[in-house]
Amino acid sequence: MSDFAGKLKEFSVDFNKKLPDLFVFAKGRERQVAEAMFYSLSNGGKRLRPFLVMKSAALFGVSAEKSFVVAAALECLHTYSLIHDDLPAMDNDDLRRGMPTCHKKFDEATAILAGDGLLTMAFELLCGDKNTFEANKKCLLAEKLAKGAGAFSGMVAGQMLDLDTEKSANADNPEELIKHIEEMKTGCLLKFACEAGAIMGDAGIDEYNALLSYARKIGIAFQITDDILDVEGDEMQMGKTLGKDVLQDKLTFVSLYGLDKAKQIAAQLIDDAKKSLNVFGDKAKDLQDLADFILNRRN
Ligand code: GRG
């Protein structure tokens, strides 16, 4: 395990320890949905988004204690998207984070509700008392997350387009289309992670733009590596079913450019992403290392 992989593991162990405190487990039958939410949230996961939130905020001296709730809100929202993406009506997957998907472990209706529960919990965390930032920052964070995750130009919009990518192989400009989809489907939450740090830390305009530029580049690189791993990754390491893009004849960065060029593009994006952070000097080492981790990840 590389030094950084070890650091991320340590971060995720700490992060996971605090998750049970965010839950209320009722005694009645409704308990099942909270259990399903907790099952999917606590079940593995690299915690890249929480790491990005907390390390971006740390650039401005925001304590981990303060930024944790925002990081947890984002991970709740991300986990909802994975639960719903795995449903039979979407990607129909049996395995996620190396464990049975939520609808396999529980049932389909419970999984739908668990996703709904995590989505709403994200906003309860951002707007409630556990988030100790001033009201205007809470409101801005909630608005940014809603937009990034939403149906007009965020993750839900990206997922809608992604459902059609089997039919998009003959699109007029497949390169534009795939970038557009991935910016919304995957990029928006990574963007929120970095932007949240800037908001919490009252970043100046140059710092704000530097973080947004970094987020945009790692977002595309992250999706390219996801497409590469779908072809040459290891199912055990990835903890999910692979090879589905080819089977579904999906438009991906790999189908568009081939493996070698896709790898080159990802490497260039990561290089550029790291350069975007120059304004922070050595303080941004964790974010620089995370960018390299995204490029070299095996899961
Ligand atoms: C269903 C509304 C809705 C949205 C689904 C995120 C998403 C949109 C679909 C997931 C499909 C997918 C594999 C997307 C590629 C990028 C991605 C989000 C991968 C999973 O993120 P990781 O690798 O996962 O950070 P962990 O488990 O480590 O948190």
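Worth knowing before you read on, the calculation uses all heavy atoms, side chains too, and leaves out hydrogens, waters and symmetry mates. Every number for a ligand or one of its atoms is a count from 1 in the order of the listing.
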Any side-chain donor paired with an acceptor under 3.5 Å for Gln288 and Asp292?
-> no

*Hydrophobic cluster membership, Met99 vs Met238, 4.5 Å side-chain cutoff*: no

Pairs of nitrogen or oxygen atoms, one from ligand 1 and one from the protein, closer than 3.5 Å: please tabulate them with distances.
| unit_1 | atom_1 | unit_2 | atom_2 | d |
| --- | --- | --- | --- | --- |
| ligand 1 | 21 (O) | Arg49 | NH2 | 3.2 |
| ligand 1 | 23 (O) | Lys46 | NZ | 2.5 |
| ligand 1 | 25 (O) | Arg49 | NH1 | 2.7 |
| ligand 1 | 25 (O) | Arg49 | NH2 | 3.4 |
| ligand 1 | 27 (O) | Arg97 | NE | 2.7 |
| ligand 1 | 28 (O) | Lys46 | N | 2.8 |
| ligand 1 | 28 (O) | Lys46 | NZ | 2.8 |
| ligand 1 | 29 (O) | His78 | NE2 | 2.8 |
| ligand 1 | 29 (O) | Arg97 | NH2 | 2.7 |

Hey, does the Lys NZ or Arg CZ of Arg216 hover above the aromatic six-ring of Phe222, less than 6.0 Å from the centre and inside 45° of the axis?
-> no

Salt bridge or not between Asp14 and Lys18? Use side-chain N to carboxylate O under 4.0 Å.
no

- Query: Is it true that Asp271 and Lys217 make a salt bridge, defined as a side-chain N closer than 4.0 Å to a carboxylate O?
  - Reply: no

- Message: Both conditions, 6.0 Å and 45 degrees, for the charged tip of Lys66 above the ring of Phe133: are they met here?
- Response: yes

